[in-house]
Amino acid sequence: MTFPLRRFALLWAGLAFVALTAPVPALTAETKPAGVPVATVEEPLGERDVDAAAWAKVPATEIELTTAPSIHPAIQGEAVTTRVTVQAARSGKDLLFRLRWKDDGADAARGPGRFVDGAAVQFASDGDTRTNILMGGEGRHVDVWHWNATTNGGANLLANGTGTLTPNPAATVKASGRYAKGQWTVVIRRELAPAGTDAVTFGKGGKGTVYPVAFAIWNGRNGERDGFKAVTVEWQELRF
């Protein structure tokens, strides 16, 4: 795994802590669930194909984000990413997401007072919208696909409530991003149906199946890290 588990656990455990200490923001017109259609493409697509022509055939959905509630008095402020453009494509045995969002600069170097850009896609593993969007729990797992600018790679983790985040060795998430002209473009890829895991499995329900999905973006230059980030606070709809 290319992303340290301890660091990743801090990112998502921080948001899970919010579920115990602060109410989830009420839905507004900007944060109501959006539909993300999955398009089947004939061309083979990989995580490095951030600018492939095939993406022009894939519908794009603009999703509004909101600042996650503060989890610690030392972390204050407003997340600067207010929207992310999402595309989802099925290529062979893989599902890919292309995420695009505006950013004033690429932040990939860690150091004192320096934080990095990142993005994540989260699913309810069993496809049930009753799953707590903040790390799952009570037997309902969440499946997290993560990218960060330092490694420019991906990680796949599972959780079943606060403090339960673990790597998923049976499923490999691959990711790659490119920064150009004030925008990040990131592709995150994983196989549709990994064997023998609690990870979300796609394709069983056939055409018309809807899966709960959520998104998060970190802007390092704005000091965003751990639970301080831009998020969707309600499950969105991934539509096959």
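The structure presented is a predicted model; accordingly, all values stated were derived computationally and were not measured.
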>> My understanding is that only residues two or more places apart in sequence, or in another chain, count here; which of them pass salt bridge (Lys or Arg N to Asp or Glu O under 4.0 Å) with R178?
In response: D51

>> I need the single residue from V144, L99, V173 that forms a side-chain contact (heavy atoms from CB on, under 4.5 Å) with V121. Which is it?
In response: L99

>> To check you understand the geometry: which heavy-atom pair defines the closest contact between A60 and T85, and what is its length?
In response: CB-CG2, 3.8 Å

>> Taking V80's backbone N and O only, do any of them form a donor-acceptor pair with N219's side chain (distance below 3.5 Å, no angle check)?
In response: no

> Can the ring centroids of Y211 and F240 be said to lie less than 6.0 angstrom from one another?
Replying inline: yes

>> Check for me, please, whether I188 and L45 land in the same ILVMFWY cluster - side-chain distances under 4.5 Å, paths through other members count.
In response: no

> Tell me, do N148 and W218 make a side-chain contact under 4.5 Å, heavy atoms counted?
Replying inline: no

> Sequence neighbours excluded, which residues qualify as salt bridge (Lys or Arg N to Asp or Glu O under 4.0 Å) partners of E237?
Replying inline: R239

>> Looking at W55, is its backbone amide N or carbonyl O close enough to the side chain of Q87 to form a donor-acceptor pair, meaning the two atoms are under 3.5 Å apart?
In response: yes

> Which pair of heavy atoms, one from A88 and one from L238, lies closest together, and at what distance?
Replying inline: CB-CD1, 3.9 Å

> Salt-bridged, D94 to K174, with N to O below 4.0 Å?
Replying inline: no

> Do side-chain atoms of S125 reach the backbone of A199 as a donor and acceptor pair under 3.5 angstrom?
Replying inline: no

>> Suppose we screen for salt bridge (Lys or Arg N to Asp or Glu O under 4.0 Å). Which residues come up paired with D107, at least two apart in sequence or across chains?
In response: R221

>> As an exercise, state the distance from CG of L158 to CG of N168, rounded to the nearest 0.5 Å.
In response: 4.5 Å

> Under 3.5 Å, is there a donor-acceptor pair between the side chain of E234 and the main chain of T232?
Replying inline: no

> Hey, does the side chain of Q236 reach the backbone of A34 with a donor-acceptor pair shorter than 3.5 angstrom?
Replying inline: yes

>> A side-chain contact here means heavy atoms from C-beta on lying under 4.5 Å apart; do R98 and V58 qualify?
In response: no

> Only one of T40, L96, D49 clears side-chain contact (heavy atoms from CB on, under 4.5 Å) with S91; which?
Replying inline: L96

>> In the structure I gave you, are the side-chain heavy atoms of L95 and W145 within less than 4.5 Å of one another anywhere?
In response: yes

> Any sub-3.5 Å donor-acceptor pair from N156's side-chain atoms to T172's backbone N or O?
Replying inline: no

>> Please determine whether the number of non-hydrogen atoms from other residues, nucleotides or ligands lying under 6.0 Å from atom CZ of R48 exceeds 12.
In response: no

> Closest heavy-atom contact between A155 and L157?
Replying inline: CB-CD1, 3.9 Å

>> Which heavy atom of E47 sits nearest to which heavy atom of V50, and what is that distance?
In response: O-CG1, 3.8 Å

> Do side-chain atoms of R190 reach the backbone of L192 as a donor and acceptor pair under 3.5 angstrom?
Replying inline: yes

> Does a donor on one side chain and an acceptor on the other come within less than 3.5 Å for D128 and T131?
Replying inline: no

> If every non-hydrogen atom of D117 is compared with every non-hydrogen atom of G220, which pair is closest and at what distance?
Replying inline: OD1-N, 2.8 Å

> Are side-chain heavy atoms of I63 and V36 found at a separation under 4.5 Å?
Replying inline: yes

> Which atom pair, heavy atoms only, marks the closest approach of A230 to E224?
Replying inline: N-OE1, 4.0 Å

>> Using the rule that Ile, Leu, Val, Met, Phe, Trp and Tyr join whenever any side-chain heavy atoms are under 4.5 Å apart, tell me whether V187 and V41 fall into a single cluster.
In response: yes

>> Suppose we call two aromatic rings close when their centres sit under 6.0 Å apart. Are F228 and F115 close by that rule?
In response: no

> Say you draw a straight line from CZ of R140 to OG1 of T129; how long is it, rounded to the nearest 0.5 Å?
Replying inline: 8.5 Å

> In chain order, what residues pass the side chain to side chain donor-acceptor pair (under 3.5 Å) check against Q183, with sequence neighbours excluded?
Replying inline: none

>> I need the I217 CD1 to T82 OG1 distance, nearest 0.5 Å.
In response: 11.0 Å

>> Please enumerate all residues that pass side chain to side chain donor-acceptor pair (under 3.5 Å) together with K57, with sequence neighbours excluded.
In response: E43

>> Could you measure the distance from the CD atom of E62 to the CZ atom of R100? Nearest 0.5 Å is fine.
In response: 10.0 Å

> Is any side-chain heavy atom of F123 less than 4.5 Å from a side-chain heavy atom of H141?
Replying inline: no

>> In the structure I gave you, are the side-chain heavy atoms of S176 and N152 within less than 4.5 Å of one another anywhere?
In response: yes

>> A side-chain contact here means heavy atoms from C-beta on lying under 4.5 Å apart; do F215 and W101 qualify?
In response: no

> E191: what forms a side chain to side chain donor-acceptor pair (under 3.5 Å) with it, not counting sequence neighbours?
Replying inline: none

>> When you group the ILVMFWY residues by side-chain heavy-atom contacts below 4.5 Å and let the links chain together, are V210 and V86 in the same group?
In response: no

